[in-house]
Undergrad: 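Quick one: this structure, given as structure tokens, is what I'll be asking you about.
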Amino acid sequence: MAEATNAIAEQFDSSEQQHESAWLGLWAFLATEVLFFGGVFLGYIVYRHVYYESFVLASRTTNLVYGTVNTAVLLTSSLTMALAVHAAQVGKNKNLVRFLILTILLAITFMGVKGVEYYEHYKDHQIPGPSFVLKGAPEGELFYYFYFTMTGLHALHVVIGIGLLSVMALLAARRRFNPAYYTPVELSGLYWHFVDIVWIFLYPLIYLISRHS
Amino acid sequence: MNIIEETHPPPPAKLEPDYLEAGHTVRSWLLTTDHKRIGLLYLFSIIFFFFIAAVAAGIMRLELLTPKGDLVLSETYSKLFTLHGVIMVWFFLIPSIPTVLGNFLIPMMIGARDVAFPKLNLLSWYLFMAGGMFALYAIIAGGVDTGWTFYTPYSSRYSNSHVIEMATGIFLSGFGSILTGLNFIITVHKMRAPGMTWFRLPLFIWSHYATSLILVLATPVLAITLLLMALERIWGIGIFDPRIGGDPVLFQHLFWFYSHPAVYIMVLPSMAVISELIPCFSRKQIFGYKFIAFASLAIAFLGFLVWGHHMFVAGPSVYAGLVFSLLSFLVAIPSAIKVFNWTATLHRGSISFETPMLYALGFIGLFSLGGLTGLFLAALGADVHLTDTYFIIAHFHYIMVGGTVLGFMGGMHFWWPKITGRMYPEKMGQLAALVTFIGFNLTFFPQFILGYLGMPRRYHAYAPEYQVYNVLSTAGASILAVGYILPVIYFIWSLHKGKKAPANPWNATGLEWQTPSPPPVHNFYETPLVVKGPYDYSPEEEERKLEERHG
Amino acid sequence: MRVPFFLDQASTLAPRVDALYYGLVALTAIMMGIIFLPMFYFLYKYRRGNKADRRPIRIPTWKIEMTWTVIPLFIVIGFYCWGSSVYFEIERPPAKAMEINIIGKQWMWKLQHAEGNREINQLHVPVGETVRLTLTSQDVIHDFAVPAFRIKQDVLPGRYVVEWFKATKEGTYHIFCNEYCGVSHASMIGEVIVMSPAAYQDWLARGQPEETLVQSGERLFRELGCSGCHMGNSQIRAPRLEGVFGKPVPLQGGQFVVADEKYIRDSILLPQSQIVYGYAPLMPTYAGHVTEEELFQLIAYIKGLGNKQPEYMK
Amino acid sequence: MSAKIISPKTYVLVWLALMILLFLTWGASEINFGVFSPVIAIVIAVIKMLLVVLIFMHVRYSSRLTWVFAAAGFLWLMIMITLTMGDYLTRGTVRPQNKSIPEWKVDTESQSR
Ligand code: HEA
Ligand code: HEA
Ligand code: CUA
Ligand SMILES: [Cu+2]
């Protein structure tokens, strides 16, 4: 969205205007993302209300430890991302690259844990379909459909984020950014924080709210 | 009409070529980031899609001449109305005014060189076309038979047609829509020329801003809905599957959360056009500028709260029905404000009847009738009888064809000189407007009666007592077809044979008229400085000039 | 050729709906008049070149704006109330009614009367009697509409919906499926035949069903083994079903739920979802073993099981 | 560029706060607060989100317009959830005119299907 050079694109009058436009543009994009995820969240809330018992039961079969660890990992990656943007702002290019790589590593950790978790669901016959078993929760299948759809969509965003941050790291390594121009890093950062926020809500919805209620 | 001959000060020496001259290669069109060229790319695309869908409508109307299903198979008919609905809605009407006129005019009207993100703008067009190709593929491969609403579980489990391809097409073009909306919002916020304050913006901009809000906030919900539906079809992810407890009504909630606001995506830009035409052709400051501006935003906002009115008999709770009904009635108020203000603008104006004005007046009439019949449907007790009958068909064609398509045609005539640098033949234009108006009413008015009499929609064969009205409707459609084809012919004709257009043939006040026709690549030779509001017209002045001319 | 302009009013609801409809027609006519008579006058009087006073008027804009904001607001709220009151009448089935069960499937309507008579795409009813339809779908969403009665309701799979009417005029009227349900949607039509009560009794008798709805239900109750648990002194402790229908049932977890058709249906298909207080979740699911039609029969049987107090009410 | 520069210390503090909140919400989920369990979890999630949006994403230091853009998505999501749940929460609560069903606290939870 933002031009990958220092120059001001011809439709703009100042770099100020260009930066503000890109910044607001990304926020508008995040608003659409909120509603995109919102559709599934809504479905989850509706069904949790309608099939309360089943959802509570099924939700207790998720692995709280993995969920919590992953939340911590993502929250930390948000910190490293923020620090990366800070490094860009003050022109510490080495730090920028380091923090970007750290963020990517954390994201990969997240995906790894998610993978293990998925594998365990598979072993426990919790993949919806003919082999699905969940005693006592007739709509447990529905819960797991949501579980996989929501975490799957989120994981897709994490993967996109990893790609985006890798490009940023590469560009940073080539010294493309300086304190006067780091919009792409900043915007990737916004996107990454957004992915974190989605998880901040997925975590209680999937793992927590039904533990004791 | 004499205005056209009026002499103008010669345009400043050409500093850069006009946007049409800037390049003649295919490449210069396909890789352009010029909002004006992208507008034209969209124009050709949507006209193409419109004719596909219109042919489908033509065949449908022929089938409905007789009560028996004798022209096409029921299966084919289902595919025809799905094709017609999907293409008309997502590949013609939603993109029509925003992406053609909006793209072309928004930067010019606010005095900018381009939109905020020109490359994104081009990407939107490619997404739109990619979506269109998927849709075409779905049609050629055998069609889709779900109706444009894709209700589950029919679409997700039972239909044996190319639902996924079609959904992919809509999904992609939806992303195009989102990016266009995003682009417009940022453009309006950040790219205004010096002195162009919010209340000096033409109402065209206000309406498009409201439209963009809907595009950005509603379209993602359609994306996720279609995605979930497709996932259910591919992998049996049964979120709407009643067999494992899924609720098909939830699909409808999600679908209409997008699709009701979407109907305002279709009509707001048309209102945008009308708000430009009426003041120009009555040479009068628009009445109630701020009210119309805020009415646009109010429609956009309230439009998000009423989706449940499509589901009154679908089985949601009775109380939800009551709430949605009330909100649906309320959304009529801002529309009413607009209609009243347009009418009031005519008062003490100096009115002339060029083609764009005829279309604008047609719009007001047909939109009002379409909107008022919307109230029938918002009234719960009446909706139970009228829903899913031809009354609905008539209601929305009155607004979408009678309203938006007429608005689009009006806008095309109005800005044709600016876009192409040529005038269209005025008499022909007036004739086409008249034919369209007559044909339209003959096509769709009988459908109100059919609906009240109970004829269900999406029927290719019907009870014999409905025949007379259907014959009328088909007859009307043939006249309407003439009304559509005429402009296409004379527009093409005018490209070579039309009179050269001056910079400001209508003596209009918008910034887009203060630069040559067709405009230079960067719209203005120098960034304009705005010192007054839009619509700085004076009817008295106009009359005085006229008198002088006639001595 | 017949060119109808009015639609038969064949139920008690019809005049109510029509009054609302014509009220709206009048509103439309009046509003169109209010807008277009002045507009035509303006178009004529202020056409370019015509002599007229074109000086700007001096009334405060906001007063005018308020007028045409507030007055329509009151009008629409009025119509909202009217429309909603009619809707309430349509949505609330009256106390005592003749019951008919209807199953929609691609692409036909299967109907069964309480007396056991079955019909396909036809519905015979006596004039002047309140009739309550309970509907469900076997596959996709359908919609059962009788325009002459002004009733219409989507018929959803996995769920019961109700419609009611009281026919006021003998005759034959259309039944339409109004929700698109696949390629033969247009042939999912039928007719309601409204007969005099005597003729209706005649018709019932001629049908000679083998068993009534309740009898079919009773037979199924035995055949499917329900009675093994729910009757007499069985090994397994299961709640007695006498008189449960229409009563609140205490559930595990402390809530109550009224035992309506949907509840019985769920108890049979998804017994695990709502466990009766004090019982073990032993009941097997019958999903896949009973058809929609059989479900209706079982429900009718359980409904008919006397009005004795159920156990847990004692 | 004009964006305000925030010291890394602030970021680390926010991160610490986030971790504490995570710990809290996890702990709270192990205790039974009845109906308040979900409420607590969601409230903590909202606080976490606000921390991320306001500090990490710099909204606190940005223009009014950014605030509006950031809030819009959530506001619209709330509209969608509220009105849809309005349907599901009130389903099956219109009592038929049939008087044989006694006045009783109707359990919407299981009625709402
Ligand atoms: C551009 C498209 C468009 C627009 C703008 C509208 C506008 C409105 N629509 Fe329409 N509608 C559709 C397109 C549109 N609709 C489509 C496509 C469907 C069917 C979808 C499908 O099922 O396939 C549909 C279906 C539909 C239904 C569902 C029917 C059903 O399926 O049962 C309802 C119900 O409330 C409804 C109501 C309204 C209302 C109240 C307005 C209001 O916004 C209208 C406001 C306008 C006016 C009121 C007129 C102007 C005002 C005056 C002349 C002043 C006088 C006014 C007063 C006294 C208030 N519409
Ligand atoms: C969005 C814009 C839009 C537009 C512009 C139109 C334009 C037209 N529509 Fe469409 N229509 C919809 C949107 C639109 N429609 C939607 C969303 C549906 C619902 C679909 C669904 O149920 O899923 C629908 C459904 C619909 C139906 C109901 C189908 C059914 O439920 O069974 C009918 C029936 O008459 C119809 C007719 C027409 C006609 C005659 C035109 C005319 O304006 C078109 C004029 C063009 C021509 C007439 C064709 C050109 C000429 C020829 C090809 C020559 C041959 C023709 C003749 C001799 C007649 N439309
Ligand atoms: Cu069944 Cu349409
Ligand atoms: Cu609507």
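Numbers restart at 1 for each chain; the letters A, B, ... are given by sequence-line order, proteins then strands. These numbers were taken from a predicted model, which means no experiment stands behind them.
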Undergrad: What closest approach, in Å, do A:L83 and D:P8 show between heavy atoms, and which atom pair accounts for it?
TA: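 Reported closest heavy-atom pair: CD2-CB, 3.7 Å.
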Undergrad: State whether the number of non-hydrogen atoms from other residues, nucleotides or ligands found under 6.0 Å of D:F33 atom CZ is greater than 12.
TA: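 Count over threshold, so yes.
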Undergrad: When rounded to the nearest 0.5 angstrom, what distance separates CG in A:L205 from CD1 in D:I42?
TA: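 Answer for the CG-CD1 pair, A:L205 versus D:I42, is 4.5 Å.
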Undergrad: For D:F36, is the CZ atom crowded, meaning more than 12 foreign heavy atoms sit under 6.0 Å from it?
TA: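 No, CZ of D:F36 has 12 or fewer neighbouring heavy atoms, counting only those of other groups under 6.0 Å.
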Undergrad: Look at the aromatic rings of D:Y11 and A:H86 and report parallel, tilted or perpendicular, splitting at 30° and 60°.
TA: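 Taking A:H86 first and then D:Y11, their aromatic rings stand perpendicular (interplane angle over 60°).
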Undergrad: Just give me the residue among A:A72, A:A87, A:A28, A:G189 that pairs up with chain D most often, heavy atom to heavy atom, under 4.5 Å.
TA: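 Going by pairs under 4.5 Å, I would pick A:A72.
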Undergrad: Over all heavy atoms of both residues, which pair between D:M57 and A:W23 is shortest? Give the atoms and the distance, please.
TA: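 Answer, listing the atom of D:M57 first, then A:W23: O-CH2, 3.3 Å.
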Undergrad: Could you walk me through whether D:E30 and A:L64 satisfy the side-chain contact (heavy atoms from CB on, under 4.5 Å) test, starting with their C-alpha distance in whole Å, then the side-chain angles of each, then the deciding distance to 0.1 Å, before giving a yes or no?
TA: CA-CA 10 Å; D:E30 297 292 335; A:L64 185 53; 3.3 Å; yes
Undergrad: Which bit of D:F74 is near chain A, if near means a heavy-atom gap under 4.5 Å: side chain, backbone, both or neither?
TA: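 Both parts, backbone and side chain.
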Undergrad: Measure the CD1-CG distance between D:I55 and A:L79 for me, rounded to the nearest 0.5 Å.
TA: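 One finds 12.5 Å between CD1 of D:I55 and CG of A:L79.
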Undergrad: For A:W27 and D:T66, test the side chains for any donor-to-acceptor distance below 3.5 angstrom and give the result as yes or no.
TA: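 Note: A:W27 and D:T66 side chains miss the donor-acceptor criterion.
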Undergrad: Using a cut-off of under 4.5 Å on heavy-atom pairs, state which of A:T32, A:L35, A:V46 scores highest against chain D.
TA: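 Option with the greatest count: A:V46.
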Undergrad: With a 6.0 Å cut-off on ring centres, are D:F56 and A:H193 close enough?
TA: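 Yes, ring centres under 6.0 Å apart.
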Undergrad: For the CG atom of D:L18 and the CG atom of A:L74, what is their distance to the nearest 0.5 Å?
TA: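 Spacing of CG (D:L18) from CG (A:L74) equals 11.5 Å.
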Undergrad: Using the rule given for side-chain contact (heavy atoms from CB on, under 4.5 Å), can you reason through A:F37 versus D:L77, listing the C-alpha separation, both sets of side-chain angles and the distance that settles it, and then say yes or no?
TA: CA-CA 9 Å; A:F37 275 101; D:L77 182 58; over 6 Å; no
Undergrad: Measure distances from D:I40 to the heavy atoms of chain A and classify the residue's part below 4.5 Å as side chain, backbone, both or neither.
TA: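 For D:I40, there is no contact with chain A at all, as no heavy atom is under 4.5 Å.
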Undergrad: Mind checking whether D:L22 and A:Y203 have side chains closer than 4.5 Å, heavy atoms only?
TA: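 Side-chain contact under 4.5 Å: yes.
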Undergrad: Please look at D:L75 and chain A and tell me whether the side chain, the backbone, both or neither of the residue comes under 4.5 angstrom of a heavy atom of that chain.
TA: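 Neither; nothing under 4.5 Å.
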Undergrad: Does some side-chain heavy atom of A:D196 sit less than 4.5 Å from a side-chain heavy atom of D:M49?
TA: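 SC-SC contact between D:M49 and A:D196 ruled out.
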Undergrad: Taking all atoms of both residues into account, what is the closest heavy-atom pair of D:W26 and A:L208, and its distance?
TA: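 D:W26 and A:L208 have their closest heavy atoms at CA-CD2, 4.5 Å.
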Undergrad: Taking every heavy-atom pair that is under 4.5 Å apart, which of A:G39, A:G67, A:P204, A:A82 has the most such pairs with chain D?
TA: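 Most heavy-atom pairs within the cutoff with chain D belong to A:A82.
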Undergrad: Please state whether the side chain, the backbone, both or neither of D:V59 comes within less than 4.5 Å of a heavy atom of chain A.
TA: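 Just the side chain, heavy atoms under 4.5 Å.
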Undergrad: List the atom of D:A41, the atom of A:I209, and the distance in Å for their closest heavy-atom pair.
TA: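 Looking at all heavy atoms of both residues, the shortest contact is CB-CG2, 3.7 Å.
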Undergrad: Need one label for A:L30: side chain, backbone, both or neither, based on atoms under 4.5 Å from any heavy atom in chain D.
TA: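 For A:L30, the side chain is the part near chain D, not the backbone.
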Undergrad: Let me see the working for D:K48 and A:I197 under side-chain contact (heavy atoms from CB on, under 4.5 Å), right down to the final yes or no.
TA: CA-CA 8 Å; D:K48 283 200 281 191; A:I197 288 174; over 6 Å; no
Undergrad: Identify the heavy atoms of D:W15 and A:L75 that sit nearest to each other, and give their distance.
TA: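 Heavy atoms only, the tightest pair is CD1-O, 3.8 Å.
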